[in-house]
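Reading through the structure tokens given below for one structure.
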Amino acid sequence: MKYAEAKALQLDTMERLKRELNGYREQASAQYLTDKDVNESIYNEALERIKWDIRASHILKTVSLNASPKDTLAAYKSIMQVRDRLLKGENFATVAQEVSDDPSAKDRYSAGGELMQYGNHGDLGYFTVFDMIYSFESAAYNTPVGTLSMPIRTEFGYHLILVQDKRPAFGKCKAIQMMCPFNRNVNLTNKERQVNENMQKLKIDSIYNDLLSGEDFETVRHRYFGENATQEIIPMFSCSRFEGDFIAGLYGLKEGQFSKPLKTKYGWHIVKITETNPINVDDDTKALVRMKIMRDTRSNKSVESFIERVKRENGFKEFKTNKNNPLSDFYTALDSTIYNGTFKAEKIANMKKAMFILGGKTYTQQDFAMFLEKNPFTNMEDYDLVTLVNVAYKQFVDISVMQYEDDNLEIKYPTFANLMEEYKEGILLYELSEQKVWKKAETDSAGLENFYKTINHKYLYPKRIQLLDIKCVDKKAMQKVKSALDKGASKSIPVQESIEKLNAKSIICVADTIVCWKGQNQTLDSLCDWTIAKKGDMFVNESNNEILQIQNILLPSPKPLEEIKGLIVSEYQDVLEKEWIEQLHKDNKIWVDRQTIYTLIKQ
């Protein structure tokens with residue numbers, strides 16, 4: 001009955017509620033618009049890779065994924081020439097520094113010729129799952145140790161990958177280190193540089209021997225470096241945090257153990273592990289992996305597989321031959337407006353050829369033109385027109401396929417249809433209840449006040465005492481105050497007047513009026529018998545130099561609306577709900593055939 005009234009009031013046409021329902025639908029449909037088998041395969045693959053770390057080097061030749069066939073072929077030929085050099089025995093690091101388009105491979109110098117940063121010469125160090133883009137990660141994990149890969153295409157270009165090492169996962173750890181740094185002055189001669197490195201080697205070996213003899217790490221540090229030692233506290237880090245030579249020497253170390261001397265571009269290091277956090281494939285890790293997959297480009301693999309499946313299942317066919325390709329018409333029909341976002345489909349209204357068919361529906365050049373108009377391809381001036389059109393067409397096809405499947409989810413999956421119906425009913429019923437009950441109970445102040453008057457007897461204060469609480473500076477002052485109050489009571493002098501006289505020269509007491517019921521004031525409860533308490537009774541709390549005097553006995557009375565408004569609103573909502581239901585029954589003249597219902601009961 002509520003749902004029928006919501007429909008009658010056309011709540012289902014409210015834009016706000018339609019947007020809310022679309023939001024729920026978008027979330028619910030996501031699980032139906034991917035290839036579940038591929039999803040599970042990617043998930044299991046990630047769980048296996050998380051157990052291993054890879055150390056690899058690479059050489060890059062940049063080329064865009066959307067580059068022209070000519071540019072793509074040129075990049076491929078270039079990287080294959082590099083591969084031939086490596087297979088003939090040239091040193092990978094040397095070649096990487098010479099020809100790689102990855103800036104990190106080369107040393108960086110200032111304008112004055114000073115070395116600012118060492119290049120990695122192609123060495124990426126250790127990494128694990130999710131550290132690299134998916135296509136590169138997969139190539140590295142699928143290439144045997146010591147092997148040079150064939151060219152691998154990523155969004156950056158073509159890569160050659162040399163896998164140097166594969167080890168059980170490092171996990172994460174915290175550490176401290178002692179470091180004997182090299183002199184990095186670029187003006188040093190090779191001989192001076194070698195002398196410096198030899199000196200640092202002798203020093204680190206001496207440190208290491210002292211540690212091996214059982215001396216404490218901190219003691220050794222102080223002896224060799226003093227208070228201002230080159231000791232670094234290294235916060236929690238993973239295998240990809242530092243260069244490969246540094247990390248390689250830490251594998252297998254347990255908490256409290258220290259490494260052998262490790263040589264890097266920066267100097268010699270001895271590292272002590274202070275805390276370890278090994279990889280544990282538990283439920284939390286599995287949940288984290290699933291979350292990372294959703295945010296990672298590898299999730300595209302599932303979508304791509306899904307799109308191809310929908311195409312197969314729904315008779316996808318493109319209308320193009322060697323002589324007739326409707327897409328090629330756009331190569332000449334479009335102009336600069338496609339780059340600045342001002343293209344209008346009406347400019348090519350005469351182009352109406354069929355481009356492809358899906359599920360019995362034909363998609364024409366005009367459909368593609370409208371797609372171009374609604375999805376501006378600005379900031380793509382670097383792409384030639386043919387490349388841009390090809391990129392846009394692939395997006396158009398993929399989006400059309402996904403939209404086709406999305407439009408048919410309710411027909412194809414009854415469970416999804418039922419879920420969406422529940423969402424719709426729930427949203428409408430919530431909105432209607434908000435209008436008829438919840439919001440009305442909160443905003444109808446007059447109605448709420450009247451309702452409160454009818455039930456306020458249910459919400460009463462218990463018997464209370466209005467109490468004058470007098471705190472004195474010491475016991476002498478307390479006795480003086482008590483005598484004055486006793487004397488004032490016999491002469492009917494107001495208590496406040498007596499206190500003002502006592503404090504005339506100096507403050508010896510402070511009085512506060514409080515109202516409480518039994519159980520709220522432990523001092524009063526310990527001194528007073530609530531069953532016989534009466535106005536004027538006085539109690540002395542010796543331990544706190546405190547005098548308590550009853551000013552009034554308050555009998556049970558209704559709590560004010562402001563204090564219990566939440567409870568009253570809740571009850572008022574229940575009443576409004578009941579009245580609403582009764583009115584719905586009356587308006588709809590509901591009749592129940594109980595005899596027919598009884599026939600459904602099994603004996």
Side-chain angles (χ1 to χ4, degrees), residues 49-59 86 91-97 100 102 104-105 107 117-132 136-137 139-149 159-182 184 197 200-201 203-205 207-209 211-212 217 230-279:
R49 289 179 180 176
I50 204 173
K51 301 174 186 176
W52 296 91
D53 296 340
I54 297 285
R55 184 178 183 181
S57 296
H58 85 131
I59 294 173
L86 295 172
N91 179 268
F92 192 100
T94 303
V95 175
Q97 188 176 21
S100 181
D102 181 356
S104 69
D107 294 343
Q117 184 176 357
Y118 286 112
N120 60 30
H121 301 179
D123 187 355
L124 300 174
Y126 287 90
F127 55 88
T128 187
V129 65
F130 300 114
D131 284 339
M132 300 291 182
F136 189 95
E137 172 199 303
Y141 272 91
N142 293 329
T143 299
V145 175
T147 304
L148 180 66
S149 73
H159 307 253
L160 292 176
I161 300 176
L162 174 64
V163 176
Q164 302 178 48
D165 195 10
K166 183 177 182 179
R167 301 200 187 196
F170 181 81
K172 292 184 178 181
C173 70
K174 293 181 181 179
I176 55 176
Q177 72 162 337
M178 284 185 280
M179 178 182 177
C180 299
F182 296 145
R184 298 173 60 187
E197 290 188 9
Q200 299 303 329
K201 179 67 166 65
K203 184 175 182 178
I204 203 73
D205 285 345
I207 293 171
Y208 184 60
N209 289 331
L211 291 173
L212 288 179
F217 197 92
T230 305
Q231 180 209 32
E232 296 181 13
I233 297 175
I234 309 176
M236 192 72 75
F237 63 96
S238 63
C239 68
S240 59
R241 175 65 178 83
F242 299 107
E243 65 176 74
D245 291 340
F246 184 87
I247 293 294
L250 305 183
Y251 279 96
L253 292 181
K254 298 178 181 179
E255 189 173 315
Q257 294 181 331
F258 54 86
S259 70
K260 294 179 180 179
L262 307 174
K263 184 180 181 182
T264 69
K265 295 188 291 284
Y266 305 97
W268 285 96
H269 314 252
I270 293 179
V271 182
K272 179 182 178 181
I273 304 300
T274 57
E275 183 180 334
T276 60
N277 185 7
I279 291 295

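Note that the numbering runs from 1 along the sequence shown for the chain.
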Using 0.5 Å steps for rounding, measure from the [atom1] atom of [X] to the [atom2] atom of [Y].
{"X": "D205", "Y": "Q200", "atom1": "CG", "atom2": "CD", "value": "11.5 Å"}
{"X": "S57", "Y": "N120", "atom1": "OG", "atom2": "CG", "value": "7.5 Å"}
{"X": "K166", "Y": "Y141", "atom1": "NZ", "atom2": "OH", "value": "7.5 Å"}
{"X": "I50", "Y": "F130", "atom1": "CD1", "atom2": "CZ", "value": "7.0 Å"}
{"X": "K263", "Y": "C180", "atom1": "NZ", "atom2": "SG", "value": "13.0 Å"}

Inset, instruction - Please check if atom NZ in K172 has more than 12 non-hydrogen atoms from other residues, nucleotides or ligands closer than 6.0 Å. - result: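 No.
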
Expected output: side-chain [X] to main-chain [Y] donor-acceptor under 3.5 Å:
{"X": "T147", "Y": "T143", "value": "no"}
{"X": "T128", "Y": "W52", "value": "yes"}
{"X": "D53", "Y": "Y126", "value": "no"}
{"X": "T274", "Y": "K174", "value": "yes"}

Inset, instruction - List the steps and the verdict of side-chain contact (heavy atoms from CB on, under 4.5 Å) for D131 and E137. - result: CA-CA 8 Å; D131 284 339; E137 172 199 303; over 6 Å; no

Inset, instruction - Please work out which of the three classes, parallel, tilted or perpendicular, describes the rings of F217 and F258, given edges at 30° and 60°. - result: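 If you compare the ring of F258 with that of F217, the planes turn out tilted.
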
Legend entry - Member of Q164, E243, H58 meeting the side-chain contact (heavy atoms from CB on, under 4.5 Å) criterion with D123: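 Only match with D123 under side-chain contact (heavy atoms from CB on, under 4.5 Å): Q164.
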
Inset, instruction - Taking atom types as modelled, find out whether H269 and S259 have a side-chain donor-acceptor pair closer than 3.5 angstrom. - result: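 No, no side-chain donor-acceptor contact under 3.5 Å.
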
Legend entry - Modelled atom types, side-chain donor and acceptor of D102 and S104, under 3.5 Å: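 Note: D102 and S104 side chains meet the donor-acceptor criterion.
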
Legend entry - Least distance between heavy atoms, P168 atom then Y251 atom: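 Closest pair (atom of P168, atom of Y251, distance): O-CE2, 3.6 Å.
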
Inset, instruction - Might you work through the side-chain contact (heavy atoms from CB on, under 4.5 Å) test for C173 and L253, ending with a clear yes or no? - result: CA-CA 10 Å; C173 70; L253 292 181; over 6 Å; no

Inset, instruction - Check whether any side-chain heavy atom of F127 sits under 4.5 Å from a side-chain heavy atom of F136, and report yes or no. - result: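 SC-SC contact between F127 and F136 confirmed.
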
Inset, instruction - Might you work through the side-chain contact (heavy atoms from CB on, under 4.5 Å) test for D245 and L262, ending with a clear yes or no? - result: CA-CA 7 Å; D245 291 340; L262 307 174; over 6 Å; no

Inset, instruction - Any chance you could lay out the side-chain contact (heavy atoms from CB on, under 4.5 Å) test for I234 and R241, step after step, and finish with the verdict? - result: CA-CA 11 Å; I234 309 176; R241 175 65 178 83; over 6 Å; no

